[in-house]
Amino acid sequence: MSQPEQEVYLIADIHRLVIQSLIRDFNDAKITLKCIDPDPEQVKYIPDGPVNVILSITESASIGVLRLLHQKVLKTGTHLFICGKKSGLSIDEENLLKKTPAAIFENYPIDMEKFQKMLEFNNRLKKRILIVDDEPMMLKSIKSWLQDEYETYMVNSGMCALDFLERHPVDLVLLDYEMPGLSGPDTLNRIRIQAETKNIAVIFLTAKDDKSCVMKAVEQKPDGYLLKKQTPEEIKMNINDFFKRFVVRV
Amino acid sequence: MSLSNINGLNIDAALKNCGSEKLLLQMLSDFQLSIEAKSNEIEDLFENKNYTDFRIKVHALKSTSRLIGALKLSELAETLEHAAQIEDLATIQLKTPRFLALYRSFSEILKDYIQTDNSEKEKDIISIDTFNDLTEKLVTGIEEYDYTTLENAQKELGQYELPLDFYPIYDKIVSCINNVDFQGLSDLLPEIKVIKEGDCK
């Protein structure tokens, strides 16, 4: 099956040599660039939604442009890539950028392999979720809540999850906390130390709501912590929001 | 089957927690079918004073009973989970028998909600080709962790009269699929492959 055409908006001063070189790299990678001047009036015409936008910050990041992009990322799920060094930014601009989920490529030429992997993730229509829970009723319920919007898989133990992840790429693991054998936290540790799985996003989905467990879980730096007592709609909404703001790690 | 008034269940809460009537009906069936095994398991852990695994099991039941609207059972499970966490043995000793009795009472209450494929009609004998095709799907489903393929293959197998040799393993497959137990299914793979290779009668 042929790859769908990949389209990316590039906000940059295209007269700069480094940007011309960047454009050539994208042409070689068969990625269609739509070049936009770094002017808020032009940037606002980039469509809302999960489009991919590259912003060259070396000379082009005015606070007006950054504000617009910040809104687009947080409200409409735009995927933002930042290229160049932040050294030329004002404090306000840098602070705003810190609050904006974005993939950062500090050096030119940018790592095209990494960029393409990120693009592939962003463009995937159905993200893949592995649900890990020792209770089959919970597995089937969570799967049924998510399966219309996501490609879902289920396993009933931490060991099976590790075996699954060795062979199948996923975009997110929804991990129960309390499980016999390998617990949720132990499973997360094992995911994080394996080179092939360390970048996978992991969110705890658990009935454990006592402070000590939440604190212990947060220390492990999962990508989120959801409670089973939330309604199916709330859980789904949280996961949708997560994917809107998540910057994939490759 | 009416969902309006089931003894011991808060149906409004159950519908809210499950998100749909269809899922709730499936969960009521799954819950009922697991009561005997799980209550015995919890009872064994209680009698053997294995409070770590006891806590994990009642913790799981806290969520599933809440899911189907068995809120009193869920609350009791939470109390026992907490008691096991802080090693409050007096509470565990006092409340576990009541908890198990309440849990087991749902076996009778929910028996009409069991969803089975067992129809009374006579089944056709499965052809060798169909049998091989479906067992191949089972093998693929197990190796690829593909639950949908597994579930569909198992449902289709259930519509036929199967080779006699296959029934003992088929029952184990059904149980593992119901429990989303891929480890159990992996353990069955060698047996499935042997039967698939043509020794069945």
Side-chain angles (χ1 to χ4, degrees), chain A residues 128 130-148 151-170 176-184 205-213 226-237, chain B residues 13-20 22-24 26-34 38 41 45 50 52-68 74 77-78 81-82 84-86 142-148 150-151 175-186:
Chain A
R128 301 160 300 194
L130 174 65
I131 310 160
V132 188
D133 199 303
D134 60 311
E135 177 45 65
M137 283 175 64
M138 292 315 302
L139 285 172
K140 292 176 192 173
S141 298
I142 299 163
K143 180 179 169 66
S144 99
W145 300 335
L146 301 176
Q147 66 188 358
D148 287 347
E151 199 176 303
T152 52
Y153 302 90
M154 309 183 279
V155 291
N156 72 337
S157 71
M159 287 309 290
C160 277
L162 296 173
D163 184 53
F164 181 99
L165 293 172
E166 265 180 32
R167 292 187 276 150
H168 303 275
V170 297
D176 189 20
Y177 190 97
E178 187 87 272
M179 292 188 288
L182 206 59
S183 69
L205 177 52
T206 171
K208 298 291 267 187
D209 57 358
D210 57 292
K211 199 177 167 187
S212 64
C213 283
L226 299 176
L227 292 173
K228 285 178 182 168
K229 67 181 176 189
Q230 292 175 295
T231 65
E233 278 309 310
E234 285 167 339
I235 289 173
K236 205 159 69 177
M237 199 172 69
Chain B
L15 284 168
K16 189 177 160 211
N17 297 338
C18 283
S20 74
K22 186 182 170 202
L23 181 64
L24 175 55
Q26 191 198 334
M27 290 301 104
L28 291 176
S29 175
D30 283 8
F31 190 86
Q32 202 284 348
L33 290 169
S34 66
K38 285 194 175 157
E41 200 177 1
L45 293 168
N50 180 346
T52 304
D53 290 348
F54 175 88
R55 175 175 53 76
I56 293 172
K57 292 295 170 189
V58 293
H59 166 79
L61 196 61
K62 175 181 80 175
S63 296
T64 54
S65 49
R66 188 186 155 277
L67 192 68
I68 62 154
S74 179
E78 187 169 13
E81 181 194 3
H82 182 64
Q85 179 90 42
I86 60 169
I142 295 167
E143 288 176 341
E144 295 297 316
Y145 286 96
D146 183 345
Y147 190 79
T148 308
L150 275 173
E151 209 179 22
S175 167
C176 285
I177 291 175
N178 285 339
N179 289 315
V180 199
D181 180 4
F182 278 101
Q183 185 56 57
L185 287 164
S186 286

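Protein chains get the first letters and strands the later ones, always in sequence-line order, with residue 1 at the start of each. Predicted model only: the values in this text are computed from it and were never measured.
The parts of B:I56 that come within reach of chain A are both its backbone and its side chain, each placing non-hydrogen atoms under 4.5 angstrom from that chain. With a threshold of 4.5 angstrom between heavy atoms, B:D181 approaches chain A through its backbone and through its side chain. Of the two parts of B:Y147, only the side chain, counted from C-beta on, holds a non-hydrogen atom closer than 4.5 Å to a non-hydrogen atom of chain A. Looking at A:M159, there are no atoms closer than 4.5 Å to chain B (heavy atoms on both sides), in backbone or side chain. For a residue to count as touching a neighbouring chain, one of its non-hydrogen atoms must lie under 4.5 Å from one of that chain's; by this rule B:E81 touches chain A with the side chain only. The contact between A:S141 and chain B is made by backbone and side chain atoms together, counting heavy-atom distances below 4.5 Å. For B:L61, no part sits under 4.5 Å from any heavy atom of chain A, backbone or side chain.
Comparing B:S20, B:S63, B:S34 by heavy-atom pairs within less than 4.5 Å of chain A, the highest count is held by B:S63. Chain A forms the most heavy-atom pairs under 4.5 Å with one residue out of B:T52, B:I68, B:V180, and that residue is B:V180.
In terms of heavy-atom proximity, A:K143 sits nearest to B:T148 at NZ-OG1, 4.1 Å. Summarising the geometry of B:N17 relative to A:P232, their closest heavy-atom pair is O-CG, 3.3 Å, with the distance given to 0.1 Å. B:L67 approaches A:W145 most closely through the heavy-atom pair CD1-CZ2, 4.1 Å. Pairing each heavy atom of A:P136 with each of B:N178, the nearest pair is CB-O, 3.7 Å. Between A:C160 and B:Q183, the shortest heavy-atom contact is SG-N, 3.9 Å.
No side-chain donor-acceptor contact under 3.5 Å links A:K140 to the backbone of B:M27. For B:K62 (side chain) and A:A207 (main-chain N/O), a donor-acceptor pair under 3.5 Å exists by modelled atom type.
Here the two rings, on B:Y145 and A:F164, have centers that are under 6.0 Å apart.
Remark: B:Q26 pairs with no residue by the side chain to side chain donor-acceptor pair (under 3.5 Å) rule, at least two apart or across chains. For the side chain to side chain donor-acceptor pair (under 3.5 Å) test, residues two or more places apart in sequence or in another chain that qualify with A:S183 are A:D186.
Atom CD of B:E78 and atom CG of A:D210 lie 9.5 Å apart (nearest 0.5 Å). Once rounded to the nearest 0.5 Å, the distance linking NZ of A:K208 with NE2 of B:H59 reads 5.5 Å.
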* So A:E135 and B:K38, salt bridge (charged side-chain N to carboxylate O under 4.0 Å, His left out) or not? Walk me through it. -> CA-CA 11 Å; A:E135 177 45 65; B:K38 285 194 175 157; 2.7 Å; yes

